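Below: one structure, written as structure tokens.
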Amino acid sequence: MDYIETLNEKQREAVLHGEGPILILAGAGSGKTRVLTHRIAHLIYQHRVAPDQILALTFTNKAAAEMRGRVVKVLEKLLPQIFRERDLWISTFHSACVRILRSDIHHLGYSNQFTIYDDSDQQSVIKACLKDLNVSDSVYSPKSIQSRINKVKNEGYDHLSYKPSFGGPYEDIFMRVFERYAEVLKQSSALDFADLILKTVHLFEQVPRVLQGYQERFTYVLVDEYQDTNRSQYLLMKLLAGERQNICVVGDEDQSIYKWRGADIRNILNFEKDYPSARIFKLEQNYRSTKNIIEAASSVISYNTERRDKTLWTSNNEGEKISLFECYDEHDEAHKLIHEVTNAINEGAALNDMAVFYRTNAQSRLVEDMLRAKGVNYQIYGGLKFYDRLEVKDTLAYLKLISNPSDDVSFRRIVNVPTRGIGAVSLEKFTLKAREYDCSLYTLLGKIFGPDPEVVCDLGRGAKNFKTFFHLMESFRAAKQSILPSDLINMVIEDTGYRKSLSDDHSPEAQSRLENLAELRQSVVEFELRRGAENPTQTLTLEGFLEEIALVSDLDKADPTAPAIKLMTIHMAKGLEFDDVFILGLEEELFPNVRPWEPEEPADVEEERRLFYVAITRARKKLRLFFAKNRTVFGNAHFRVSSRFIDEIPEQYLEKNKADYFSRRRNYLERPGLPPRKAWGRSQDEFADPVPDDDYAQVPFDEGSSTEFEGQEAFKRGSKVLHPAFGEGIVRQCLDKDKLMVEFRGQGVKKISLKFSHLKGIE
DNA sequence: TGTTCTATCTTTTTT
DNA sequence: AGATAGAACA
């Protein structure tokens with residue numbers, strides 16, 4: 001069996017071990033995915049376990065896809081006749097639970113056609129609840145209530161089982177909101193993310209027959225990234241493992257970075273207590289990185305106290321030292337980054353094997369601008385999402401309402417989009433009526449305007465409009481049965497008048513919105529093609545598409561082989577690896593990210609340190625770290641101190657590059673084709689960079705720049721311009737003497753004020 | 001009821 | 001600095 005030969009001794013032991021609970025402590029880059037996939041393959045090939053008896057759970061679709069691909073690769077040669085890929089349940093926690101709930105949630109009195117509410121849907125519900133209960137949202141901010149509710153649910157409790165540990169008026173009100181929230185969700189046939197796991201747990205607890213079915217079916221369960229499981233996921237696995245306890249978990253407590261999402265590090269630390277017969281395997285040999293990188297990483301993580309004793313080692317070469325760049329400010333940082341990227345490429349490094357990591361999404365912007373200006377291909381993951389755009393969300397809300405008429409969040413969103421004369425006042429009245437009848441909004445419409453009206457009520461002037469809306473929606477619901485989702489989406493855009501309202505509006509934004517809708521339709525078409533090819537028996541449903549949108553992130557769809565440097569937060573980087581890694585913003589407050597007005601919790605700093613550890617260990621060959629001495633936050637300049645994490649790397653692994661006088665000057669001089677930025681204030685930054693004034697006096701500040709263009713005459717509709725931040729664009733409209741609408745490649749249309757941003761004509 | 005201006009907040013990280 | 005949500009206005 002050559003698939004066994006390729007493993008090292010420790011890995012092989014873990015793969016070959018038979019029944020019972022197994023904990024695999026796998027350091028970064030020690031081949032944990034390899035062990036998992038080989039174990040699955042081994043169970044199927046050697047122990048003749050049927051593929052559909054195995055359940056393997058991950059956190060991201062990307063990890064699931066990779067694991068699936070690798071299992072398939074091993075097995076399709078060995079067992080071509082009996083092995084069917086589609087029998088494998090290798091998926092994320094959330095998709096697996098959705099699959100279970102779609103077939104069985106009716107036992108809990110929920111509709112199997114439930115809708116999944118995302119973050120912003122959840123927030124809308126909470127706001128509505130606060131309003132229902134007459135609670136001021138300034139005292140009880142929807143955001144804090146949201147995170148509290150999620151926290152409770154992630155810990156495995158719902159509004160019935162949760163008891164606040166301390167009483168008090170705040171707690172009472174929180175509980176009332178929580179209860180109302182649960183009520184609204186149920187009435188809307190909607191589940192939030194936490195519910196997907198929690199309701200599955202409830203289903204198993206309350207309907208033993210269903211649990212037993214799954215326990216009998218899944219004779220082996222495996223969990224990847226076990227350190228990131230929260231309590232409700234832990235309960236889920238415990239139920240599924242049942243008495244057989246064929247549970248295999250893989251994880252590394254040093255890479256636990258999702259505490260804020262409810263991950264409970266105790267799950268992995270206490271595994272042997274939960275499963276006393278557990279066998280433990282430690283994988284400590286790293287195959288990924290150079291010695292320098294591994295030793296630096298080990299040193300950093302050793303500053304954490306909450307960890308098992310574990311030492312990562314490698315037989316790889318020593319490799320290059322880690323480069324550290326002190327930068328004058330974030331502009332200089334971006335500049336030095338590009339400089340390093342270009343150097344690396346000239347030395348033969350591959351662009352698609354490079355990644356830039358940062359702590360917060362907001363940091364990406366400057367880097368993007370710089371990469372674009374220099375013509376370096378890049379791909380950015382996370383941050384603002386396509387599906388979050390206004391017009392896309394509106395259209396999706398129609399689709400969601402068609403799929404689930406009880407979905408009140410979607411109802412409210414689109415009942416007056418495009419405007420059809422149902423304003424806030426009418427809607428408010430209508431909402432009260434719905435509460436009176438204790439039903440969802442659309443259900444009430446049905447009761448008033450449906451074939452056999454049960455309810456008569458005076459909706460005033462809006463009555464006619466409500467009626468029109470109802471019949472429109474009914475026509476969609478009827479059409480849904482017989483046409484493809486991609487045709488339905490066209491029908492929605494046309495018949496609601498959404499397209500007309502956008503094309504009547506000749507503004508450039510409307511134009512780009514139309515394009516986004518076309519793109520949305522295209523993504524439905526792609527879904528249909530993909531699903532059709534994968535699984536011809538499965539019907540191409542609207543629900544399937546909506547589900548995919550809810551559960552699949554853009555990282556999952558990204559193409560790792562594209563010739564582009566990858567930009568992402570460190571959280572997104574977990575599980576990935578690159579030859580060259582660049583980490584930005586290694587400054588106190590930013591990374592470790594602590595809010596200066598709150599007391600610093602040691603446990604939080606430890607989590608940040610694990611995050612840094614994850615970031616370092618992504619690098620195969622070369623690591624470059626950056627920090628800035630000044631950084632603009634919310635438009636205000638701040639001094640910065642380099643991160644304590646830098647000091648935790650022994651000097652011998654570092655090669656330090658100081659910021660020189662030119663770092664600052666470069667900000668003016670080396671911005672190709674761009675005018676210099678505003679003059680520096682003489683205030684604080686003089687202290688941060690104690691250079692004599694006249695050293696800077698020669699830097700051409702504003703001279704020259706203002707003569708490049710005079711007023712706005714140079715810009716006409718259709719002329720090409722260059723913006724310091726957004727890059728190349730085309731003027732779509734001149735609003736007045738100062739304001740232009742400019743369309744930028746890949747970023748849609750922005751309103752530009754000439755007073756504040758320096759536009760330059762090109763060509 | 002719909003539009004435009006202003007004030008406020010943002011930045012942790014995501015299935 | 002920029003986006004957004006609410007308030008004042010037409």
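Everything quoted here is computed from the prediction, not taken from an experiment. Any value given below was found using the heavy atoms of this structure, including those in side chains, with hydrogens, waters and symmetry copies removed. Every chain is numbered from 1 and lettered A, B, ... according to where its sequence line falls, protein lines coming before strand lines.
Residues forming a side chain to side chain donor-acceptor pair (under 3.5 Å) with A:Glu606 (at least two apart in sequence, or on another chain): A:Thr305. Taking A:Lys393 as the reference, nothing meets the salt bridge (Lys or Arg N to Asp or Glu O under 4.0 Å) condition, with sequence neighbours excluded. Applying the ring-ring contact (aromatic ring centres under 6.0 Å, His included) test to A:Phe93 and every residue at least two apart in sequence or in another chain returns A:Phe59. With sequence neighbours excluded, no residue forms a side chain to side chain donor-acceptor pair (under 3.5 Å) with A:Asp604. With sequence neighbours left out, the side chain to side chain donor-acceptor pair (under 3.5 Å) criterion links A:Lys500 to A:Asp504. Residues satisfying the ring-ring contact (aromatic ring centres under 6.0 Å, His included) criterion with A:Phe627, sequence neighbours excluded, are absent altogether. Scanning for ring-ring contact (aromatic ring centres under 6.0 Å, His included) contacts around A:Tyr110 gives an empty result, with sequence neighbours left out. For A:Glu589, the salt bridge (Lys or Arg N to Asp or Glu O under 4.0 Å) partners are A:Arg640, not counting sequence neighbours. Judged as a side chain to side chain donor-acceptor pair (under 3.5 Å), and not counting sequence neighbours, A:Thr200 has no contacts.
To the nearest angstrom, P of B:dT15 lies 6 Å from CZ of A:Arg261. Taking atom CD1 on A:Ile257 and atom P on B:dT15, their separation rounds to 11 Å, with Å as the unit. For the pair A:Arg389 CZ and C:dT4 P, the computed distance is 11 Å after rounding to whole Å. The NZ atom of A:Lys127 sits 7 Å away from the P atom of C:dA5 (whole-angstrom rounding). Atom CD in A:Gln255 sits roughly 17 Å away from atom C1' in B:dT14 (whole-Å rounding). If you take CE of A:Met572 and C1' of B:dT13, they are 10 Å apart, rounded to a whole angstrom. The nearest whole Å value for the distance from the NZ atom in A:Lys259 to the P atom in B:dT14 is 18 Å. One can place CG of A:Leu191 at 18 Å from P of B:dT15, the figure rounded to the nearest angstrom.
Residues A:Asp228 and A:Gln233 bring no donor and acceptor atom of their side chains to less than 3.5 Å of each other.
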If you restrict it to nitrogen or oxygen atoms, what contacts under 3.5 Å exist between nucleotides 7-12 of chain B and the protein, and what is each distance?
unit_1: B:dT12; atom_1: OP2; unit_2: A:Arg595; atom_2: NH1; d: 2.9
unit_1: B:dT12; atom_1: O2; unit_2: A:Arg359; atom_2: NH1; d: 2.6
unit_1: B:dT12; atom_1: O2; unit_2: A:Arg359; atom_2: NH2; d: 2.1
unit_1: B:dT12; atom_1: O4; unit_2: A:Arg595; atom_2: NH2; d: 3.2

Between protein and nucleotides 8-10 of chain C, what N or O pairs are separated by less than 3.5 Å?
none

Check the interface with nucleotides 1-6 of chain B: list each N/O to N/O pair with the protein under 3.5 Å, or write none.
unit_1: B:dT1; atom_1: OP1; unit_2: A:Gly423; atom_2: N; d: 3.3
unit_1: B:dT1; atom_1: OP1; unit_2: A:Ser426; atom_2: OG; d: 2.9
unit_1: B:dG2; atom_1: OP2; unit_2: A:Asn416; atom_2: ND2; d: 3.4

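Contact annotation for A:Phe193: base contact, defined as any heavy-atom pair under 4.0 Å involving a base atom.
Here the two rings, on A:Phe357 and A:Phe612, have centers that are 6.0 Å apart or farther.
Only the P atoms considered, C:dG6 is 16 Å distant from B:dT11, to the nearest whole Å.
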